[in-house]
Amino acid sequence: MPELPEVETIRRQLEPELRGRRIEQLEVLDPRWTRPVDPRRLEQEVSGRQILGLRRRGKYLLMDLDGELTLVMHLRMTGNLLLVEQGDPVVAVDEEGFEPVADRHLRARFELDDGRELRFSDARRFGEAFVLPSAGVEERFAGRLGVEPLSGQFSAETILALAAGRSAPLKSFLLDQSRIAGVGNIYADEALWRAELHPLSPAGSMRREHAEALREGVRGALRAGLDGGGASIDDYLDARGRRGTMQDEFLVHTREGEPCPRCGTAIRRIVVAGRSTYFCPGCQVRLRRRRRARQEDRR
DNA sequence: TTGGCGTCCTGGAGGC
DNA sequence: TGCCTCCAGGACGCCA
């Protein structure tokens, strides 16, 4: 499930390949990809335009086109973008080689002027795409996408300000894209473990040291994801059709019952905000409990 | 204003 | 073996 590291991995791979290329034709095979906009309209808007560059905002991939338009894409749960030769039946490559299987989940094809093709496939069909005037992108995301966690703006002060007065669990806080953009279920679990913070702790109960730990936890988890080329626990493949390796480096996510790498306590799974949440009950202590423990220490 | 829940959507796992 | 049910989760709308 593509989160910030997966989308950024794809962006870094595609940007040098696509910049300057012209989209000869966009063919939308699944109208749900563009709804509520008519897919033919999107095809007309995008076909024939030159690609000026690729950007990322949160989990959105932004393809800047000439004519001051931007194609906005979201991969959601199972979306993949794959760059291949036109007509190539290959949809995946791994350490064992090519897997020549016709892609039954293909939703859209971009025919490029260099004979290659950018394919969007999506098993669960949650992915979406739409075109905006480039000048209107920030306005479209205003209020919907918060601070970029890998930017200099993501400070302890910012986290404290965003969390002030909120009683929602820290896990929900991290998943709220309108406050922190790009963190999803996987990296929220990993970040909270790194910060030694319990996922059910109220966001507003953080003090400065907790916010600093959370900042480092989030950034550390995202950087680990980037280093691993993303996590392939569902259908995620990068733009070259390769699996990421981050799933092998998970510290707590999907590790229920396994010993915590820090203290050895068995990892637990609970449901927070309707999402599977993995944490260590031994070293990720609730903030209120932590305060109580400190008070007892002072005695 | 905030937080929780349902919805969309389909593949895969597990049970019978 | 085949069928059925449940689960997974990102974004958004709705409701309390």
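In what follows, chains carry the letters A, B, and so on, assigned in the order in which the sequence lines appear, proteins first and then strands, with residues in each chain numbered from 1.
Looking at heavy atoms from C-beta onward, Leu81(A) lies out of side-chain contact with Met63(A) at the 4.5 angstrom threshold.
One can place NZ of Lys171(A) at 16 Å from C1' of dG3(B), the figure rounded to the nearest angstrom. Computed from coordinates, the Asp30(A) CG to dC8(B) P distance equals 16 Å when rounded to whole Å. Rounded to whole Å, atom P of dG3(B) lies 7 Å from atom CZ of Arg179(A). Rounded to a whole Å, the CG atom of Leu162(A) is 16 Å from the C1' atom of dT1(B). His105(A) places its NE2 atom 7 Å from the C1' atom of dG11(B), with the value rounded to the nearest Å.
Rounded to the nearest 0.5 angstrom, Arg57(A) CZ and Glu148(A) CD are separated by 5.0 Å. Between atom CZ of residue Arg56(A) and atom CG of residue Leu4(A) there is a gap of 3.5 Å, rounded to the nearest 0.5 Å.
Between the side chains of Glu6(A) and Tyr187(A), at least one donor N or O sits under 3.5 Å from an acceptor N or O. Checked by atom type, the side-chain pair Arg124(A)/Thr78(A) shows no donor-acceptor distance below 3.5 Å.
Distances shorter than 4.0 Å separate some side-chain N or O of Arg166(A) from OP1 or OP2 on dG3(B). For dA8(C), one of the phosphate oxygens OP1 or OP2 lies less than 4.0 angstrom from a side-chain nitrogen or oxygen of Arg269(A). For the pair Ser276(A) and dA8(C), the criterion of a side-chain N or O lying under 4.0 Å from OP1 or OP2 is met. Look at Ser167(A) and you'll find a side-chain N or O under 4.0 angstrom from OP1 or OP2 of dG3(B).
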Problem set entry | Where protein sits on nucleotides 11-16 of chain C, one letter per nucleotide: B base, S sugar-phosphate only, - none, heavy atoms under 4.0 Å | BS----
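Screening Arg19(A), Arg11(A), Arg12(A) for a salt bridge (Lys or Arg N to Asp or Glu O under 4.0 Å) with Glu15(A), the sole residue that qualifies is Arg19(A).
Arg107(A) comes within contact range of no nucleotide atom at all, as no heavy-atom separation falls under 4.0 Å.
The side chain of Arg125(A) has dC9(B) as its nearest neighbour among dT2(B), dG10(C), dC9(B).
With DNA chain B read from its 5' end, the first of the two nearest nucleotides for Arg32(A) and Gly274(A) is the one closest to Gly274(A). When the nearest nucleotides of DNA chain B are assigned to Arg35(A) and Gly165(A) by heavy-atom distance, the more 5′-ward of the two goes with Gly165(A).
Below 30°, between 30° and 60°, or above 60°: for Tyr60(A) and His74(A) the angle between ring planes is above 60°, a perpendicular geometry.
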